[in-house]
Peer 1: 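Below: one structure in structure tokens.
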2 protein chains.
Amino acid sequence: MKKKSITIYDIAREAKVSSATVSRVLAGNYPVKEETRKRVASIIDKYGFQPNAVARSLTKRETRMIGFVLPDITNPFFSQVFIEVEKYALTKGYALLLCNSMNDSEMESKHLKLLAERQVEGIIIMGGRINKSAPDRVEVNELSEIMNSLPVLMINGKIEGLDCYSIRTDEAKGIELIINYLVSIGHEKIALLGGIEGITTTDIKVEAYKSLISRHHLPFVPGWQIYSGFDISSGEQAMDKLLRNNKQDLPTAVIGINDMVVIGALRECGRRKIDLNEFSFVGFDNTNLAEISNPQLTTVSHQYSEIGRKAVDLLLNSKNEKHKNKDVEINPKLEIRDSCYEMIGN
Amino acid sequence: MKKKSITIYDIAREAKVSSATVSRVLAGNYPVKEETRKRVASIIDKYGFQPNAVARSLTKRETRMIGFVLPDITNPFFSQVFIEVEKYALTKGYALLLCNSMNDSEMESKHLKLLAERQVEGIIIMGGRINKSAPDRVEVNELSEIMNSLPVLMINGKIEGLDCYSIRTDEAKGIELIINYLVSIGHEKIALLGGIEGITTTDIKVEAYKSLISRHHLPFVPGWQIYSGFDISSGEQAMDKLLRNNKQDLPTAVIGINDMVVIGALRECGRRKIDLNEFSFVGFDNTNLAEISNPQLTTVSHQYSEIGRKAVDLLLNSKNEKHKNKDVEINPKLEIRDSCYEMIGN
DNA sequence: GTGAAAGCGCTAACAC
DNA sequence: GTGTTAGCGCTTTCAC
């Protein structure tokens with residue numbers, strides 16, 4: 001690091017021009033006489049000179065960096081969103097600082113603060129504080145503080161009263177797609193497993209579940225909606241509870257709050273040597289786990305690439321199109337695979 | 001962005017001190033009279049002032065950023081390495097720029113170049129050019145060019161003649177662990193599926209496989225070692241080929257070049273209604289897929305957190321401890337789960 | 001213990 | 001077309 005790196009001045013001196021001219025050649029979109037341009041370019045080439053982006057950032061006040069805070073990149077839902085954002089950001093010349101909050105609020109705060117200091121041009125956040133049905137006052141204040149200096153965009157989350165960018169899948173619609181589908185193939189007894197009460201993504205789904213059940217005049221059995229969590233073992237636990245507590249009246253279809261929960265539920269069935277055809281399973285998120293699972297999961301898919309594009313566009317255009325619908329909702333799609341069977345005879 | 005942000009000069013003026021003093025207060029490790037320190041601190045607080053890290057980077061010539069280039073963060077092997085690196089880097093005050101090369105050499109080059117311009121203090125690279133048994137000349141030159149200005153560290157890769165940092169799991173040892181284990185539970189007919197010839201991580205494993213087979217005086221059947229690729233469908237294809245071409249003489253154990261390939265092999269067996277107990281399966285990498293799989297995979301585990309720590313330490317200490325073993329090899333461990341069964345009677 | 005001032009490497013007016 | 005110059009916001013000698 002400490003080795004004196006070569007600068008625009010070194011190039012200028014050798015090319016017998018001013019630093020400004022070198023800068024113009026670098027920028028490419030200024031009038032420079034072809035002859036001098038060539039001369040400068042050849043010297044740049046000769047030394048493999050690379051302009052210092054930090055210095056450029058300081059003068060231009062743009063870092064071309066976006067911060068991305070999420071709970072855990074090893075979770076395929078997050079990594080699939082991330083990669084789409086990154087791909088699209090790259091086409092715009094932006095790089096991403098990835099910060100894993102590990103579901104730790106303090107860590108999340110720390111990351112947010114550091115990103116702001118690093119002068120990222122925008123922050124994308126998923127999980128954590130933006131998915132609390134009862135937002136934490138302090139956490140929200142931190143966010144709104146940050147929003148004073150740079151645009152913040154939430155993916156699949158929303159905080160009432162915080163006027164920031166938000167883009168999310170219509171999860172209620174997702175549940176609707178699932179239930180309509182299950183009903184269409186003859187199911188009337190439908191369970192919903194997993195999630196945690198108080199997390200928006202869960203609450204939205206549970207509410208939609210109840211409302212759809214009622215709209216279809218299906219039986220609503222409280223014991224068929226079981227909170228537990230978001231990972232595989234949550235799925236196992238919830239399935240176990242479902243089977244233990246409803247011996248006389250089991251559902252025929254099981255919706256998981258996400259793909260992972262369904263995989264847990266499948267495993268619990270496996271452990272109990274229950275024929276998987278006893279139930280139809282539907283996941284949520286269409287992570288790559290849904291394809292890895294055996295059977296492959298029918299699941300609700302986010303439109304990942306659209307989320308990625310919209311997120312970056314919203315963030316980067318935030319300076320121009322002020323207050324132009326900061327709030328985008330994206331339709332989910334039902335991805336039908338092998339985990340559901342048709343009810344025959346009924 | 002364009003709103004004039006508050007600077008140390010604003011703080012200085014209001015505190016009736018010089019900017020230098022504010023800077024000292026910020027740094028925290030300089031002698032400042034307690035009284036003035038408090039006064040300055042309170043004003044910093046009052047405005048929620050956050051120093052501009054870009055400006056600081058320019059003067060101090062340190063960005064506290066590390067670049068990480070890998071093929072695809074949605075691949076759990078990479079995300080599991082990444083997250084360990086990120087966690088540890090954070091404790092050192094470093095943030096990570098994550099760049100997905102999508103297995104595209106040009107994209108990889110572009111990322112490397114941009115990271116250098118951004119003045120990251122080091123680059124960690126996985127996949128792509130660093131895993132070619134016959135390295136591409138141009139690609140290697142790019143790397144060595146970059147190594148002139150900043151330290152580069154390869155994870156699970158190595159290029160002969162490139163004197164850069166490297167940290168990798170002893171994969172030959174991993175294969176040894178697997179084969180010794182399989183032999184210990186009575187297997188003598190062992191296949192190796194997946195991978196691509198010419199990719200170091202494959203070549204190392206294939207070579208170790210052959211040498212171990214011979215060391216144990218087991219039969220080496222060429223048709224039991226099948227190249228195909230690294231993903232699930234590669235696993236399916238390889239298993240299919242194994243079953244079709246060796247009808248008279250099938251192995252009893254199947255090693256996958258990685259977990260994903262084994263999951264594909266399992267699926268192919270499922271498709272053919274082959275009892276999974278017909279074969280013992282062993283994966284490689286111990287990604288979280290190994291636990292998700294049904295049955296859960298016995299697999300070779302990388303020591304992810306150790307890799308993360310060592311990688312960051314090597315990179316950040318590179319200025320001091322010049323040329324002190326730049327090359328670290330880490331032992332794998334065998335993670336025994338449910339995908340192998342003991343051969344009885346033999 | 002504190003301040004003045006010179007950079008860090010680049011860009012952007014503004015002259016010429 | 002090209003050069004001069006004044007910053008961008010911070011840190012760091014070097015005086016005092």
Side-chain angles (χ1 to χ4, degrees), chain A residues 1-41 43-44 47 49-65 114 116-121 149-150, chain B residues 1-41 43-44 47 49-65 114 116-121 149-150:
Chain A
M1 296 284 79
K2 271 305 182 306
K3 58 187 71 170
K4 61 240 130 272
S5 40
I6 150 167
T7 77
I8 197 177
Y9 286 96
D10 303 317
I11 305 295
R13 190 177 333 107
E14 186 155 340
K16 303 198 191 315
V17 295
S18 76
S19 66
T21 299
V22 178
S23 176
R24 286 174 187 125
V25 171
L26 249 19
N29 46 358
Y30 282 90
V32 177
K33 204 204 293 175
E34 186 54 18
E35 183 195 321
T36 56
R37 204 196 58 69
K38 278 209 173 125
R39 184 155 35 95
V40 171
I43 298 183
I44 287 178
Y47 293 103
F49 168 70
Q50 298 197 308
N52 181 324
V54 172
R56 173 180 295 156
S57 290
L58 187 58
T59 44
K60 299 190 69 167
R61 273 106 138 239
E62 60 171 45
T63 52
R64 297 197 156 259
M65 293 194 304
L114 287 173
E117 289 191 4
R118 287 182 192 280
Q119 314 294 115
V120 296
E121 295 182 38
S149 50
L150 51 85
Chain B
M1 296 283 78
K2 271 304 179 310
K3 57 186 73 168
K4 61 240 130 274
S5 40
I6 149 168
T7 76
I8 58 172
Y9 285 96
D10 303 316
I11 304 295
R13 191 179 330 107
E14 186 155 339
K16 302 198 192 314
V17 295
S18 76
S19 67
T21 299
V22 178
S23 176
R24 286 174 187 127
V25 171
L26 249 20
N29 46 359
Y30 282 89
V32 176
K33 205 203 293 175
E34 185 55 18
E35 183 195 320
T36 55
R37 204 197 58 70
K38 276 207 174 127
R39 183 155 36 95
V40 172
I43 298 183
I44 287 178
Y47 292 103
F49 167 70
Q50 298 197 310
N52 180 324
V54 172
R56 173 179 294 157
S57 290
L58 187 57
T59 44
K60 299 189 69 167
R61 272 108 138 234
E62 59 172 44
T63 52
R64 297 199 154 256
M65 293 194 304
L114 287 174
E117 288 191 5
R118 287 182 193 280
Q119 313 294 116
V120 297
E121 294 181 37
S149 51
L150 51 86

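What you see is a predicted model; the values in this text were computed from it and never measured. A, B, ... follow the sequence lines: proteins, then strands. Residue 1 opens every chain.
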Peer 1: With sugar-phosphate meaning primed atoms plus P, OP1 and OP2, does B/Ser57 contact a base, only sugar-phosphate, or nothing at under 4.0 Å between heavy atoms?
Peer 2: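 Touches nothing.
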Peer 1: What's the CD1-C1' distance between B/Ile8 and C/dT2, to the nearest Å?
Peer 2: 14 Å
Peer 1: In whole Å, what is the span from the NZ atom of A/Lys16 to the C1' atom of D/dT4?
Peer 2: 19 Å
Peer 1: Of the options C/dG1, C/dT2, C/dT11, whose atoms approach the side-chain atoms of B/Thr36 most closely?
Peer 2: C/dT2
Peer 1: Looking at B/Ser18, I'd like to know whether one of its side-chain N or O atoms comes within less than 4.0 Å of OP1 or OP2 on C/dG3.
Peer 2: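 B/Ser18 to C/dG3 OP1/OP2: side-chain N or O found under 4.0 Å.
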Peer 1: From A/Thr21 OG1 over to A/Ile11 CD1, what is the distance, rounded to the nearest 0.5 angstrom?
Peer 2: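 Interatomic distance, A/Thr21 OG1 to A/Ile11 CD1, rounded to 0.5 Å: 13.0 Å.
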Peer 1: Which nucleotide sits closest to the side chain of B/Ala55: C/dT2, D/dT2, D/dC10?
Peer 2: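 Closest nucleotide among those given: D/dC10.
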Peer 1: Would one find a side-chain N or O of B/Arg61 under 4.0 angstrom from OP1 or OP2 of C/dC8?
Peer 2: no
Peer 1: Consider the side chain of B/Ala20, meaning its heavy atoms from C-beta on, and name the nucleotide among C/dA5, C/dC8, D/dC10 that approaches it most closely.
Peer 2: C/dA5
Peer 1: Round to the nearest Å and state the distance from B/Lys60 atom NZ to C/dC8 atom C1'.
Peer 2: 13 Å
Peer 1: Rounded to the nearest Å, what distance is computed from the CD atom of residue A/Gln50 to the P atom of nucleotide C/dC10?
Peer 2: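 Interatomic distance, CD of A/Gln50 to P of C/dC10: 11 Å.
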Peer 1: Is the phosphate of C/dG3 approached by B/Thr21 (side-chain N or O, under 4.0 Å from OP1 or OP2)?
Peer 2: yes
Peer 1: CD of B/Glu34: more than 12 outside heavy atoms within 6.0 angstrom?
Peer 2: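 It does: B/Glu34 CD has more than 12 such atoms within range.
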Peer 1: Report which part of the nucleic acid B/Ser23 touches: base, sugar-phosphate, or nothing (heavy-atom distance under 4.0 Å, all strands).
Peer 2: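 Base contact.
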Peer 1: Could you check which of C/dT11, D/dT11, C/dT2 has an atom nearest any side-chain atom of B/Lys33?
Peer 2: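 Closest nucleotide among those given: C/dT2.
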Peer 1: Per the atom types in the model, does the base of D/dG3 pair as donor or acceptor with the side chain of A/Arg24 at under 3.5 Å?
Peer 2: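 Answer yes: a donor N or O sits under 3.5 Å from an acceptor.
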Peer 1: Got a second to check how far A/Glu14's CD is from A/Lys16's NZ, nearest 0.5 Å?
Peer 2: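 So the gap between those two atoms works out to 8.0 Å.
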Peer 1: Touch check for A/Val54, heavy atoms < 4.0 angstrom, all strands: base, sugar-phosphate only, or nothing?
Peer 2: nothing
Peer 1: May I have the distance from B/Arg13 (atom CZ) to C/dG3 (atom C1'), rounded to whole angstrom?
Peer 2: 16 Å
Peer 1: Roughly, in whole Å, what's the span from OH in B/Tyr30 to C1' in C/dG3?
Peer 2: 15 Å
Peer 1: Could you please name the option among D/dG1, C/dC10, D/dC10 that lies closest to any side-chain atom of A/Pro31?
Peer 2: D/dG1
Peer 1: For A/Ile6 and C/dC10, give me the distance from atom CD1 to atom C1', rounded to whole Å.
Peer 2: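 A/Ile6 atom CD1 is separated from C/dC10 atom C1' by 14 Å.
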Peer 1: Mind checking the CZ-OG1 spacing from A/Arg118 to B/Thr63? Nearest 0.5 Å is all I need.
Peer 2: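 The distance works out to 7.5 Å.
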Peer 1: Among B/Asp10, B/Ile43, B/Leu26, which residue meets the side chain to side chain contact (heavy atoms under 4.5 Å, CB included) test with B/Phe49?
Peer 2: B/Leu26
Peer 1: The side chain of B/Pro51 is closest to which nucleotide in this list: D/dC10, D/dT12, C/dC8?
Peer 2: D/dC10
Peer 1: Mind calculating the distance between OH (B/Tyr9) and C1' (D/dC10) to the nearest angstrom?
Peer 2: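 Nearest whole value for this atom pair: 7 Å.
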Peer 1: Would you check if the side chain of A/Ser57 reaches a backbone N or O of A/Ala53 as a donor-acceptor pair within less than 3.5 Å?
Peer 2: yes
